[in-house]
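Every chain is numbered from 1 and lettered A, B, ... according to where its sequence line falls, protein lines coming before strand lines. Worth saying up front: this structure is predicted, and the values here are computed from it rather than measured.
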Number of protein chains: 2
Amino acid sequence: METLERKQRSREQTRVGIVLTAKDIARREGWQAVSIRKIADAIEYSAPIVYEYFDSKDILLDEIRNEGFRHLKQEYERIKKVYRDPEKRLFEMSIAQWQFAVEQPEIYQVMYNLNGAYCTIPVCNSVAVEDLSNTIREIIFSFIPKSKESIQKLYFEWWSLSHGMITLAMMLREQQPLELSEQVYRDSIRRFVRGLR
Amino acid sequence: METLERKQRSREQTRVGIVLTAKDIARREGWQAVSIRKIADAIEYSAPIVYEYFDSKDILLDEIRNEGFRHLKQEYERIKKVYRDPEKRLFEMSIAQWQFAVEQPEIYQVMYNLNGAYCTIPVCNSVAVEDLSNTIREIIFSFIPKSKESIQKLYFEWWSLSHGMITLAMMLREQQPLELSEQVYRDSIRRFVRGLR
DNA sequence: TACATCAAGTTAACAGTGTTAAATTGGCGT
DNA sequence: ACGCCAATTTAACACTGTTAACTTGATGTA
């Protein structure tokens, strides 16, 4: 029975298989097309097996969502190590957010319940989001060490600007080339960051 | 058979009944809960009858969505009549958009495929959106009569700012009171408008 | 009045969804 | 050889969008 550890490893493997498959279907056919049975087929199991790893589809989506937020957080930490200037840091983190949304649109969609992705679990109470928020707020604080409320306001502004441009750029990608949108994004973020000092 | 006109009127009535019911369910239970059968029950018909008015659920959602854009356009026209100053016009239109999103969140959701509302028909090709866009672009043009590309960039900026703040304010309404968000929104829009002259 | 036609509306069905209970299967220890 | 137990599957429920087939009742005509 020394295979217990081995068993746990294979359990973990099918678990990540479920997550991988869900993201794969979402990427190719959109979140609306992601169903438990389709995932089960792909990992060559029957549907109820999926429920041994995730109590509901909602929880599976929540997991993928938080994975996304954690990935972004990691990127932020990497950037923090590379740059010391707060202006540069915030700018690069904004660019990282853009790239993330462009490279993995299906993850960005489930993070914000966009385009058919729908997870009823509230986004904002998660530690992953709180973690991410704190990182940005700290950087803004290093610009202007004001009150918590002022920082929150500025963070809200930054988040809105970034998220708004990303979602609209996605929406308008047929009408307005992504490269143009990115250029406007960079300029706007630069302006915002300059405006902070 | 002079009842033909009468018949057309009742047809129109059940049609708006369908739209009204869909919006009502969406408002109370969210778009995810809106189903053809539930709508049919509410208007006291069987499900296939709904298909005599809308070829698909997608088309019904698209109709509601465009209704929303047209409503907003009407608001813009009203504002254009009241104010002559371009700055004031753009500011008031931004406020109108905020109010619309707050008062009829379910409509705003279906307009942007938010929170479980999902309509596969592309938003941006519709005349309703093009109409709305032109209104704003014209106002921006009256600020700075630059090239079409510059205007488009500024319009994209304005739209992103407005849409981003609205969606995030909705998302954060438990953590951050709507009144605070609205205050930040007003300030940001004011700054944007001032920045145009 | 009897019959045919026709529109309005309904029922029934198909293929799919999330989810759960019940049944099955195969390998292990006794 | 038998019984148990875990792993897995089948079957079911209540839904979904959508469509074909059917019923029903009223109308016009012979």
Side-chain angles (χ1 to χ4, degrees), chain A residues 1-15 17-19 21-22 25-26 28-65 110 113 115-121, chain B residues 1-15 17-19 21-26 28-65 110 113 115-121:
Chain A
M1 273 309 101
E2 81 285 35
T3 57
L4 198 144
E5 175 195 336
R6 176 110 187 80
K7 190 183 291 181
Q8 278 192 345
R9 199 163 43 188
S10 100
R11 240 193 95 82
E12 193 50 38
Q13 262 180 15
T14 79
R15 197 190 145 91
I18 291 171
V19 171
T21 305
I25 299 171
R28 284 212 277 256
E29 309 171 54
W31 282 104
Q32 191 125 85
V34 175
S35 81
I36 300 292
R37 279 178 179 84
K38 228 182 276 184
I39 294 171
D41 278 2
I43 62 168
E44 291 179 300
Y45 273 116
S46 61
I49 290 296
V50 177
Y51 286 89
E52 304 219 330
Y53 296 87
F54 299 95
D55 283 348
S56 70
K57 190 182 177 182
D58 241 38
I59 288 172
L60 169 58
L61 296 192
D62 192 49
E63 167 83 25
I64 295 173
R65 177 151 78 185
V110 80
N113 273 354
N115 283 112
Y118 186 50
C119 173
T120 63
I121 300 167
Chain B
M1 277 308 100
E2 80 287 34
T3 56
L4 198 142
E5 175 194 337
R6 177 107 187 83
K7 189 183 294 183
Q8 278 192 343
R9 197 163 44 189
S10 100
R11 239 194 95 81
E12 193 51 37
Q13 262 179 14
T14 79
R15 197 189 144 90
I18 291 171
V19 172
T21 305
K23 293 197 279 190
D24 195 52
I25 299 171
R28 284 212 278 255
E29 310 171 53
W31 282 105
Q32 192 126 82
V34 176
S35 80
I36 300 292
R37 280 178 179 85
K38 226 181 275 185
I39 294 171
D41 279 1
I43 62 169
E44 291 179 302
Y45 273 117
S46 60
I49 291 296
V50 178
Y51 287 89
E52 304 218 330
Y53 296 87
F54 298 95
D55 283 346
S56 69
K57 191 184 178 183
D58 241 39
I59 289 173
L60 169 58
L61 296 192
D62 191 50
E63 167 84 27
I64 295 173
R65 183 161 60 195
V110 81
N113 274 354
N115 284 111
Y118 186 51
C119 173
T120 63
I121 299 166

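Counting only Watson-Crick and G-U wobble pairs whose two key distances fall under 3.5 Å, DNA chain C forms stems of three or more stacked pairs at C:1-30 with D:1-30.
A donor-acceptor pair under 3.5 Å is formed between the side chain of B:Ser56 and the backbone N or O of B:Ile59. Under the 3.5 Å distance criterion, the side-chain polar atoms of B:Lys38 are matched with a main-chain donor or acceptor of B:Ala33.
Listed here is the closest heavy atom pair of A:Ala40 and A:Ser46: CB-C, 3.6 Å. Minimum interatomic distance between A:Ala117 and A:Val110 (heavy atoms only, all atoms of both residues): CB-CA, 3.7 Å. Annotation for A:Val34 and A:Ala22: closest pair CG2-O, 3.7 Å, computed over non-hydrogen atoms.
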Counting primed atoms plus P, OP1 and OP2 as sugar-phosphate and everything else as base, spell out the protein contacts along nucleotides 12-26 of chain D at 4.0 Å heavy-atom distance: B, S or - for each nucleotide, 5' to 3'.
B---BBBBB------
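As rounded to whole Å, 11 Å separates atom C1' of C:dG18 from atom CD of B:Gln32. In this structure, A:Tyr118 atom OH and C:dG18 atom C1' are separated by 15 Å, rounded to whole Å. One interatomic measurement links the two molecules: CD of A:Glu44 to P of D:dT8, which rounds to 13 Å at whole-angstrom precision.
If you run side chain to side chain contact (heavy atoms under 4.5 Å, CB included) between B:Phe54 and each of B:Ile64, B:Leu61, B:Ile18, only B:Ile18 comes through. The side chain to side chain contact (heavy atoms under 4.5 Å, CB included) with A:Lys57 is formed by just one residue from the set A:Ile36, A:Ile39, A:Thr120; it is A:Ile36.
Atom OG1 of A:Thr21 is separated from atom CD1 of A:Ile43 by 6.5 Å, given to the nearest 0.5 angstrom.
Among the heavy atoms of the strands lying under 4.0 Å from A:Glu52 is at least one base atom, whether or not backbone atoms are also near.
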